[in-house]
Structure formats: structure tokens, C-alpha cells
Protein chains: 2
Amino acid sequence: MYAPSEAARRSGFSLDTLRYYEKIGLLGAVGRTSAGRRVFTDDDLGWLVLFRCLRDTGMPIAEMCRYAELAREGEHTAGERRALLESHAVRVEEQMRLLQNQYDHLREKIRFYERLG
Amino acid sequence: MYAPSEAARRSGFSLDTLRYYEKIGLLGAVGRTSAGRRVFTDDDLGWLVLFRCLRDTGMPIAEMCRYAELAREGEHTAGERRALLESHAVRVEEQMRLLQNQYDHLREKIRFYERLG
DNA sequence: GCTTGACCTGGAGCGCACTCCAGATTGAAA
DNA sequence: TTTCAATCTGGAGTGCGCTCCAGGTCAAGC
């Protein structure tokens, strides 16, 4: 059980982002205290860690929503979820190759300045 | 000498983006035909290739503008330009590490689905 | 009892990087 | 000569992913 600030700290998302993710239905209904304050479970945290991973690798929010929705639909969507992650992973691989390539060009450019003096 | 569409094709930027880059002063004044159509030189193309590299590695446009401005100021800004690229390269390295890490997590998650059947 | 700080809601606003549009012009092909 | 694709300008609009705000509630420490 984590207070909002703790969930934010552990997930790396801001409080506003956590509220936003709940509002758009990315995070399922988060528990509340009797006073209406959010209480995040370990399960919620698990989702947040996954979202952190997917966001950091460039998945759009709409696609994360799709994934979360599938998961809520039950076990029978496991194949589809796996396919979704798999095709994302392929895109990430391309992204890594591009990044490495352009990084190399950047280093080349820097060497040009180094040779200048 | 390249027509706009050719410059777009070679740089990977859209026509609108090329116009936009000129408008905000990222690209210095691009030449025109007597009828007012843009003519891109090899030098322009060189800049576009650099911008492609910097954008692909996540540099914000404002920073590219800064770099371009320095270059226009002359030789004496070479040190500052180099420092700018160098600190960008460091950020890119961090970005690559993060991406690799999260990619590994993603692969782990996919393996979970694979074990499921 | 009072203050303080964390949290609540609904909704508006923002920064970035384009992207699209209207209305006009041009130049090469049929 | 007509037509049509490429291009021009200025300016408005878009999509994404948050981020901020006002006005209010609540719990704990002094």
C-alpha cells in the first residue's frame, strides 16, 4: 500500500501523470481511503513499472491502453498481448539501430572539431 | 542544386518541415529561382543531414538553432559548438543505456508470455 | 484549536514539432 | 494551348502527453 507521493517516487511518474493515467483508463480504478485518497497496491506499482518501460521505449499511450484493456479482458487475450509486445520490441530494435547510427555520425562530427584544435 | 521535393526525399524531412525550418531560422536563407521557388544547395543538404542526425538523437529544435547560429557567427565559435555536440552526445549515451535496459525488461516480459504457452 | 502539507476534483492550458489549408503561381507534358 | 503537378505565402490547426490551477478536504503535529 503506497500513498500517491510514494507511488510517484517509485514509478518515476509525477502525481499529475498518475492521476491522468487513471483518468484515461490506463490504470484501472485505484483504491481509495475513506477520505477519498488514492492507495496504490503492489499490483498497481507493477503496472506502473511496465508503463515506465513501455513509455521509455516510445510506445504511445493509446497502445498501452490497448494492452491494459486486453489484460483486463482476461487470460484468453494473452496471445494478442504477447504479439503487441513483440511488435513493439521489433520497433525498439529499429530505434536502437537508428540511435546507434546517428550517434556514430555525431561522434564523427565531434572528431572533426577535435582535429580542428 | 535540388528542388524542394528532392531535398525532402534526401533529408527525410517533409516539405512543410523544410519550410518550417527556414521560417524559424534553423536553415539560413535558402536560394530561390526567379519565380520564387526554393533551390537547395549541397551545403543546405549537409545541414539537413546534420539536423536529421540531431533530431533522431533527440536534440530539441531550440538547441539546433543555437548551434546553427553559432556556426553563422564564424570560426571563433568552434569550441562552443564542439562543447554543445559533446554534451549532447553524453545525453545520447544515457538515452542508449536506458533504452537498452528497458528493452531487456521488455524481452523479459515477452519471455513470460512465451513460457505461458 | 490551529496550522500545515498532502491530497482531492474538474477542467483549462501548455510546449513541442510539426501539419494543413486557402488561394495563387509556375513550368513541363500532352 | 490546356492541363496538371509542384510550388509559393501567411497563418491557423493538430496531436501528444502531460502540467497547472482553483477551490476544497483531511490528518497530524504543535
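The shown structure was predicted, so the numbers you read here are calculated from the model rather than taken from an experiment. The analysis underlying the following values was restricted to heavy atoms, covering all of them including side chains, and did not include hydrogens, waters or symmetry mates. Proteins get letters first, then strands, A, B, ... in listed order; numbering begins at 1 in each.
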Checklist outcome for this item: Atom OH of A:Y20 and atom C1' of D:dT19 are separated, to the nearest Å, by 11 Å
Checklist entry - Can you check the A:E22 CD to D:dG17 P distance for me, whole Å? => result 19 Å
Item to check | Whole-Å distance separating the NZ atom of A:K23 from the P atom of C:dC8 | outcome: 12 Å
Next on the checklist: Any base atoms under 4.0 Å from A:F13, or only sugar-phosphate, or nothing? Heavy atoms, all strands.
Outcome noted: nothing
Item to check | Nucleotide nearest A:P4 (side chain, heavy atoms from C-beta), chosen from C:dC18, D:dT7, C:dC8 | outcome: C:dC8
Next on the checklist: Just N and O in the side chain of B:Y21: are any of them under 4.0 Å from OP1 or OP2 of C:dC18?
Outcome noted: yes
Next on the checklist: I want to verify a distance call: between C:dC7, C:dC18, D:dG17, whose nearest atom is closest to the A:L15 side chain?
Outcome noted: C:dC7
Checklist outcome for this item: Judged by nearest nucleotide, the residue sitting upstream toward the 5' end of DNA chain C, A:R32 or B:R55, is A:R32
Checklist entry - Passes salt bridge (charged side-chain N to carboxylate O under 4.0 Å, His left out), B:E80 versus B:R66? Steps please. => result CA-CA 10 Å; B:E80 200 170 339; B:R66 173 80 182 133; 2.4 Å; yes
Checklist entry - So what does A:S14 touch, heavy atoms closer than 4.0 Å: a base, only the sugar-phosphate, or nothing? => result sugar-phosphate
Next on the checklist: Any donor-acceptor pair under 3.5 Å linking the side-chain atoms of A:R81 with those of A:Y67?
Outcome noted: no
Item to check | Spacing between B:L18 atom CG and D:dT9 atom P, to the nearest angstrom | outcome: 13 Å
Checklist entry - Separation of B:E6 atom CD from D:dA6 atom C1', in whole Å? => result 14 Å
Next on the checklist: Would you say B:T17 places a side-chain N or O within less than 4.0 Å of OP1 or OP2 belonging to C:dA17?
Outcome noted: no
Next on the checklist: If you assign each of B:A3 and B:D16 to its closest nucleotide in DNA chain D, which residue comes earlier from the 5' end?
Outcome noted: B:A3
Next on the checklist: Does a side-chain N or O of B:T33 approach OP1 or OP2 of C:dT26 to a distance below 4.0 Å, or not?
Outcome noted: no
Checklist entry - Which whole-number value in Å describes the distance from B:M64 CE to C:dC18 C1'? => result 12 Å
Checklist entry - Rounded to the Å, how far apart are B:M1 CE and D:dT7 P? => result 16 Å
Checklist entry - Does a nitrogen or oxygen in the side chain of A:R19 sit under 4.0 Å from OP1 or OP2 of C:dT9? => result no
Checklist entry - Is there a donor-acceptor contact under 3.5 Å from the side chain of A:R82 to the main chain of A:E86? => result no
Next on the checklist: Using only atom types and a distance under 3.5 Å, with no angle test, would you say the side chain of B:R52 pairs donor to acceptor with the backbone of B:G12?
Outcome noted: yes
Checklist entry - Is A:R38 side chain donor-acceptor paired with the C:dC8 base, going by distance under 3.5 Å alone? => result no
Next on the checklist: Strictly distance-based, threshold 3.5 Å: is any side-chain N or O of B:T57 a donor or acceptor partner for the main-chain N or O of B:C53?
Outcome noted: yes
Checklist entry - Once you round it to whole Å, what is the distance between P of C:dG11 and CD1 of A:I24? => result 17 Å
